[in-house]
Amino acid sequence: MSGFDFIAGHMRIIKSLRESIKNNMASHAYIFCGNRGSGRKLTAAAFARALNCTDSTDGDSCGKCRSCRQFDSGNSPDVFYVKAVKTKSIGVDDIREQIVEKVKTKPYSYDKKIFIVDMADTMTVQAQNALLKTLEEPPAYVVIILIAENLENFLPTVLSRCVVMKFRPIPAAQVRKYLTEKCGIDSHDAVFYSEYCGGSIGEALRLSEDSQFYAMREEAIKCLAVIDSMDTASAMLMAKDMEKYRGYPELFDIMYMFYRDVLCYRLFKSPDRLIQKDKTDEIKIQAESLDENRIARRLEAIMNTKKQIKQNAGFQLSVEVLFMTVKEN
Ligand SMILES: [Zn+2]
């Protein structure tokens with residue numbers, strides 16, 4: 001665990017959190033709202049560590065004091081991670097036992113008693129109402145951070161008592177820099193994951209560690225690279241074989257990006273703008289044999305297949321039809 005400097009992007013949010021620590025003006029309740037993997041939890045952790053750091057500089061934690069060390073080892077006596085105990089959503093008992101009861105007593109060792117509630121948008125209405133009493137009259141030492149994806153799930157009365165911070169997708173260039181510099185990911189892979197992750201570093205990291213995703217991507221691109229030279233029966237066998245990736249809607253994104261890259265290579269005659277740079281050889285061969293119209297028809301077919309599967313069309317049949325359409329075009 002680290003301070004704010006470990007977080008990519010979200011400059012304005014971090015600046016404002018640091019200012020609030022410097023001036024001892026932290027609010028009692030926040031909602032960190034954004035997609036999964038956008039940095040909400042990391043920011044909440046950095047903020048919590050800085051709030052109780054006994055030697056903070058410029059609004060960030062020192063990483064060395066007793067409070068920081070306790071925080072890093074997960075043993076801070078004054079930081080609480082609230083979660084659903086019995087059901088998937090956070091219920092009224094969870095809030096009563098894990099927040100309402102605990103706010104009554106002062107922090108054990110440090111300035112603030114901090115509650116971090118992940119998936120706070122799953123709180124039931126009763127749970128939110130139970131929390132409301134604390135939000136209305138919070139003891140001076142309490143800071144509650146609600147981590148959420150959807151603001152719409154909160155009661156207006158809860159929303160109005162929280163400082164809402166929106167975590168927007170991080171630009172691909174920034175994700176790429178982070179992946180190569182902080183995570184040691186190979187630069188070609190980083191280009192792909194940064195373009196693919198939708199501005200979420202968490203998602204990029206998750207995919208980069210998912211061996212099934214890696215295998216799926218390899219196989220999907222291999223299929224498209226050879227499909228034109230295959231007879232129909234072999235192409236159908238190949239389509240059947242894709243069944244094992246039924247749970248990966250990303251399959252169609254990969255195929256789409258492949259032809260997007262083929263088109264790109266055809267237009268610019270260079271690998272500079274490719275998303276899947278590590279597949280330049282395969283892309284180049286396709287770009288030399290397919291014209292723009294054929295590529296466009298294949299892109300359209302992939303889009304349609306993805307849409308149909310989303311609307312519950314059979315996976316197997318849809319992939320077979322897709323492969324046929326690709327072959328015909
Ligand atoms: Zn410290």
*Measure the NZ-SG distance between Lys112 and Cys53 for me, rounded to the nearest 0.5 Å.*
14.0 Å
*Test item: Cys264 and Leu274 side chains (from C-beta on) under 4.5 Å apart, heavy atoms*: yes
*asked:* Can you confirm whether more than 12 heavy atoms, excluding those of Met119, are under 6.0 Å from its CE atom?
replied: no
_In this structure, would Leu131 and Leu155 fall into the same cluster of hydrophobic residues linked by side-chain contacts under 4.5 Å?_
yes
_Min side-chain heavy-atom separation Met257-Lys279 under 4.5 Å_ = no
_Separation between CZ of Phe4 and CZ of Arg49, rounded to the nearest 0.5 Å_ = 10.0 Å
*Does Asp94 pair with Lys83 as a salt bridge, N-O distance under 4.0 Å?*
no
*Where Leu17 and Thr43 come nearest, the two heavy atoms and their spacing*: CD1-CG2, 3.7 Å
*asked:* Rounded to the nearest 0.5 Å, what separates atom CZ in Phe268 from atom CG in Leu263?
replied: 8.5 Å
*Evaluate the side-chain proximity of Leu290 to Arg298: yes if any heavy-atom separation is below 4.5 Å, no if none is.*
yes
_For Lys244, is there an ion pair with Glu219 - N to carboxylate O distance below 4.0 angstrom?_
yes
*asked:* Between Lys41 and Asp118 (salt bridge meaning N to carboxylate O under 4.0 Å), is one present in this structure?
replied: yes
*Can you say whether the rings of Phe47 and Tyr30 are parallel (under 30°), tilted (30 to 60°) or perpendicular (over 60°)?*
perpendicular
*Determine, step by step, whether Ser61 and Phe71 satisfy the side chain to side chain contact (heavy atoms under 4.5 Å, CB included) criterion, reporting the C-alpha distance in whole Å, the side-chain angles of both residues, the deciding distance to 0.1 Å, and the verdict.*
CA-CA 11 Å; Ser61 51; Phe71 183 86; over 6 Å; no
*Using the test side chain to side chain contact (heavy atoms under 4.5 Å, CB included), find all partners of Asp278 that sit at least two apart in sequence or belong to another chain.*
His188, Asp189, Arg217, Gln276
*Specify the closest pair of heavy atoms between Asp78 and Ser109, including all atoms of both residues, with the distance to one decimal.*
OD2-N, 2.9 Å
*Reported SG-to-CG distance for the pair Cys68 and Asp60, which is rounded to 0.5 angstrom*: 8.5 Å
*Look at atom NZ of Lys177 and say whether more than 12 heavy atoms of other residues, nucleotides or ligands are closer to it than 6.0 Å.*
no
*Residues, nucleotides or ligands: over 12 heavy atoms within 6.0 Å of Lys269 NZ*: yes
*asked:* Strictly distance-based, threshold 3.5 Å: is any side-chain N or O of Asp121 a donor or acceptor partner for the main-chain N or O of Asn153?
replied: no
*Is any side-chain heavy atom of Ile185 less than 4.5 Å from a side-chain heavy atom of Leu205?*
yes
*Is the side chain of Asp231 donor-acceptor paired with the backbone N or O of Ser234 at a distance under 3.5 Å, no angle test?*
yes
*For a side-chain contact (heavy atoms from CB on, under 4.5 Å) with Tyr196, tell me which candidate from Val191, Ile275, Asp253 qualifies.*
Asp253
*Under the side chain to side chain contact (heavy atoms under 4.5 Å, CB included) criterion, do Met123 and Leu146 qualify, and how do the steps go?*
CA-CA 10 Å; Met123 272 192 292; Leu146 305 173; 4.3 Å; yes
*Sequence-distant partners of Glu250, salt bridge (charged side-chain N to carboxylate O under 4.0 Å, His left out), two or more places apart*: Arg206
*asked:* Is it the case that over 12 heavy atoms from other parts of the model lie below 6.0 angstrom from the CD atom of Gln316?
replied: yes
_Treating Arg176 as the side-chain partner and Ser194 as the backbone partner, does any N or O pair qualify as donor plus acceptor under 3.5 Å?_
no
*Heavy-atom distance under 4.5 Å between the side chains of Val103 and Phe115, does that happen here?*
yes
_Carboxylate-amine/guanidinium proximity below 4.0 Å for Arg294 and Glu328_ = no
*Are Phe80 and Val92 connected in a single hydrophobic cluster, I mean Ile/Leu/Val/Met/Phe/Trp/Tyr linked by side-chain heavy atoms less than 4.5 Å apart?*
no
_Is any side-chain heavy atom of Thr305 closer than 4.5 Å to one of Met255?_
no
_Evaluation steps, side chain to side chain contact (heavy atoms under 4.5 Å, CB included), between Thr54 and Asp111_ = CA-CA 9 Å; Thr54 53; Asp111 270 3; over 6 Å; no
*Sidechain N-carboxylate O distance under 4.0 Å for Asp291, Arg266*: no
*At their closest point, which heavy atom of Cys223 faces which heavy atom of Met242, and how far apart are they?*
SG-SD, 4.0 Å
*Nearest 0.5 Å, what's the CG-CD distance between Leu237 and Glu320?*
9.5 Å
_Would the distance check show the side chain of Lys310 and the main-chain N or O of Pro249 forming a donor-acceptor pair, the cut-off being under 3.5 Å?_
no
*Do you know the tightest heavy-atom contact between Pro107 and Lys113?*
CG-N, 3.9 Å
_Are the side chains of Gln98 and Val85 in contact, using a 4.5 Å heavy-atom criterion?_
yes
*May I ask you to decide if Ile201's main-chain N or O and Tyr193's side chain share a donor-acceptor pair within less than 3.5 Å?*
no
_Side-chain touch Arg161/Leu132, heavy atoms, less than 4.5 angstrom_ = yes
_Counting neighbours of NZ on Lys22 that are heavy atoms of other residues, nucleotides or ligands and sit closer than 6.0 Å, is the number greater than 12?_
yes
_Grouping I, L, V, M, F, W and Y whenever their side-chain heavy atoms are under 4.5 Å apart, do Phe258 and Val226 come out in a common cluster?_
yes
*Is there a donor-acceptor pair closer than 3.5 Å between any side-chain N or O of Ser160 and the backbone N or O of Thr157?*
yes
*asked:* Would a single hydrophobic cluster contain both Ile309 and Met238, if residues Ile, Leu, Val, Met, Phe, Trp and Tyr are joined by side-chain heavy-atom contacts under 4.5 Å?
replied: yes
*What closest approach, in Å, do Ala220 and Ile254 show between heavy atoms, and which atom pair accounts for it?*
CB-CG2, 4.2 Å
_Residues Arg246, Glu243: salt bridge by 4.0 Å N-O rule_ = yes
*How many angstroms lie between atom NZ of Lys64 and atom CG of Asp72, to the nearest 0.5 angstrom?*
12.0 Å
_Residues, nucleotides or ligands: over 12 heavy atoms within 6.0 Å of Lys277 NZ_ = yes
Counting only pairs under 3.5 Å, give me each side-chain donor-acceptor contact of residues 162-175, with atom names and distances, residues two or more places apart or in other chains.
none

*asked:* So for atom CD, which belongs to Glu137, do other residues, nucleotides or ligands contribute more than 12 heavy atoms lying within a distance under 6.0 Å?
replied: no
*Would you confirm whether Ser67, through its side chain, and Asn52, through its main-chain N or O, come within 3.5 Å as a donor-acceptor pair?*
yes
*For the pair Tyr178 (side chain) and Phe6 (backbone), establish whether a donor and an acceptor sit closer than 3.5 Å, ignoring hydrogens and angles.*
yes
*asked:* Let's go through Tyr259 and Leu224 carefully: what are the C-alpha distance in whole Å and the side-chain angles of both, what is the deciding distance for side chain to side chain contact (heavy atoms under 4.5 Å, CB included) to 0.1 Å, and is it a yes or a no?
replied: CA-CA 9 Å; Tyr259 285 118; Leu224 298 182; 3.7 Å; yes
_Regarding Arg36 and Glu203, does a basic nitrogen lie under 4.0 Å from an acidic carboxylate oxygen?_
no
*Looking at Ala204 and Leu179, what are the two nearest heavy atoms and their distance?*
CB-CD1, 4.0 Å
*Hey, quick one: are Ile116 and Leu135 part of the same hydrophobic cluster, counting side-chain heavy atoms closer than 4.5 Å, chains of contacts allowed?*
no
